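Heads up, the thing below is written out as C-alpha cells.
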Amino acid sequence: MRTLLGAAEIATRVAELAQQISSDLADQNPLLVGVLKGSYVFMADLSRAMDIAHEIDFLAVSSYGKGTSSGAFRLLKDLSADVAGRNVVIVEDICDTGLSLRAVRDIVGSRDPASLRLCVLLDKPSRRRVQLQPEYVGFTVPDVFVVGYGLDYAERYRHLPDIVILEAGDLGQDSAHHGEISRR
Ligand code: PRP
C-alpha cells in the first residue's frame with residue numbers, strides 16, 4: 001500500500017473546502033447531505049471545519065448490479081430533513097463514473113431545494129461516464145484504487161487516516177474472494 005494523500009494534507013484541503021462553502025453559503029444555514037457510507041469521515045471533518053451555522057443529514061443509495069452500471073439506483077436510506085427551500089450541499093467521498101452522484105443529485109434535486117451543490121473530496125475525471133462537474137473538489141486523482149478516510153475495499157480500510165493506493169498484491173488471499181480491483 002502506498003500513501004496517495006496523507007492525513008495532514010487532507011486536513012488542510014478539507015479546511016479550505018469548509019472555508020469556501022462557509023463563505024459561499026454564509027447566513028443560509030445550508031444542509032450538508034452525506035452519501036453513506038463512504039462520506040462519513042469527510043463529512044465529520046468538513047462539518048467541524050465550517051464556521052457558519054449548518055445542518056447535516058445522510059442518505060444511502062445502491063446501484064442495481066455494480067459494474068454493469070445501468071445507472072439505476074435504489075434509495076437504501078432516505079433523508080430525515082425536508083430539503084424544500086434549503087440550500088443543500090451533497091457531500092461525497094469520491095466521484096468516479098459519476099453515476100452515484102448523479103443519482104443522488106437527481107433524487108435531492110427533485111425535492112425543490114433552493115440551491116444544490118456537489119462537494120467531493122476526490123474527483124477521478126478519467127473514469128467519468130456522465131457529464132457532471134462538482135462545484136467543490138478536494139483533490140483530482142488518477143485512475144488508481146484508493147481506500148482509507150472512509151473509502152473501502154469490501155468494507156475494509158475505511159478507518160485508515162490516510163488515503164492509500166490499494167494494489168492487487170496487497171490483497172493476498174482476499175483477492176480470490178473479492179475478484180480484481182476494478183473500480184476506485
Ligand atoms: C462509492 C463512493 C461513491 C461511489 C463513487 O460508494 O462512496 O458513492 O462509489 O462511484 P461512482 O462515481 O462510479 O458512482 P459505494 O457504492 O462503494 O458505497 P460506500 O459509500 O458504502 O462505500
Side-chain angles (χ1 to χ4, degrees), residues 4-61 71 73 75-143 146 148-152 158 161-163 184:
L4 180 67
L5 298 163
E9 190 180 356
I10 297 169
T12 300
R13 186 67 188 126
V14 170
E16 289 171 356
L17 289 174
Q19 276 314 305
Q20 206 180 332
I21 295 170
S22 298
S23 141
D24 291 350
L25 292 168
D27 303 322
Q28 306 287 316
N29 188 28
L31 178 69
L32 306 189
V33 169
V35 184
L36 294 171
K37 301 176 193 168
S39 71
Y40 79 106
V41 178
F42 179 36
M43 178 68 132
D45 285 349
L46 185 71
S47 171
R48 288 180 297 171
M50 284 178 56
D51 59 8
I52 60 167
H54 64 280
E55 297 172 25
I56 60 154
D57 203 349
F58 292 92
L59 57 66
V61 294
F73 281 79
L75 193 56
L76 289 182
K77 182 210 172 295
D78 204 346
L79 296 169
S80 311
D82 181 0
V83 302
R86 301 293 304 269
N87 292 288
V88 176
V89 181
I90 294 172
V91 176
E92 256 286 33
D93 51 351
I94 187 166
C95 185
D96 191 319
T97 64
L99 289 164
S100 309
L101 203 49
R102 183 182 65 175
V104 171
R105 187 193 60 186
D106 289 351
I107 291 167
V108 177
S110 71
R111 298 178 183 180
D112 297 323
S115 68
L116 184 56
R117 294 171 169 82
L118 307 178
C119 174
V120 301
L121 181 65
L122 307 180
D123 188 13
K124 199 190 276 185
S126 60
R127 293 257 308 163
R128 198 75 95 251
R129 295 183 48 182
V130 297
Q131 266 214 330
L132 189 137
Q133 182 52 57
E135 282 77 7
Y136 306 104
V137 172
F139 301 92
T140 300
V141 296
D143 188 10
V146 287
Y149 201 74
L151 293 148
D152 75 309
R158 292 193 197 272
D162 300 332
I163 292 174
R184 237 188 9 242

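These numbers come from a predicted model, not from an experiment.
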Main-chain N/O of [Y] paired with [X] side-chain donor or acceptor, under 3.5 Å:
X	Y	result
R48	A44	yes
R127	D96	no
K77	F58	yes

Taking 4.0 angstrom as the limit, do D123 and R128 come out as a salt bridge?
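Answer for the salt bridge query: yes.
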
Determine the minimum heavy-atom distance between [X] and [Y], stating which atoms define it.
X	Y	answer
H54	N29	CA-OD1, 3.4 Å
E135	L116	OE2-O, 4.3 Å
D143	S126	CB-OG, 3.6 Å

Please report the interatomic distance [atom1]([X]) to [atom2]([Y]), rounded to the nearest 0.5 Å.
X	Y	atom1	atom2	answer
D162	L5	CG	CG	8.5 Å
I21	E16	CD1	CD	12.0 Å
L118	L101	CG	CG	4.5 Å
L121	I163	CG	CD1	5.0 Å
R117	I90	CZ	CD1	12.0 Å

What residues form a salt bridge (charged side-chain N to carboxylate O under 4.0 Å, His left out) with E55, not counting sequence neighbours?
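With neighbours one apart ignored, the set is R86.
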
Just jot down the salt bridge (charged side-chain N to carboxylate O under 4.0 Å, His left out) partners of D112, sequence neighbours excluded, or say none.
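Residues passing salt bridge (charged side-chain N to carboxylate O under 4.0 Å, His left out) with D112: none at all.
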
Taking the side chain as every heavy atom from C-beta outward, state whether C119 and L46 have any atom pair closer than 4.5 Å.
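In contact.
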
Could you check whether any side-chain heavy atom of V104 comes within less than 4.5 Å of a side-chain heavy atom of F73, counting everything from C-beta outward?
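Not in contact.
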
Reference residue R111; test salt bridge (charged side-chain N to carboxylate O under 4.0 Å, His left out); the match among D57, D78, D106, D82
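The passing option is D78.
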
Checking V35 against S100 for the side-chain contact (heavy atoms from CB on, under 4.5 Å) test, could you report, in this order, the C-alpha distance in whole Å, the side-chain angles of both residues, the deciding distance, and whether it holds?
CA-CA 9 Å; V35 184; S100 309; 5.9 Å; no

What do the steps show when you test F139 against V146 for side-chain contact (heavy atoms from CB on, under 4.5 Å), and what is the final call?
CA-CA 13 Å; F139 301 92; V146 287; over 6 Å; no

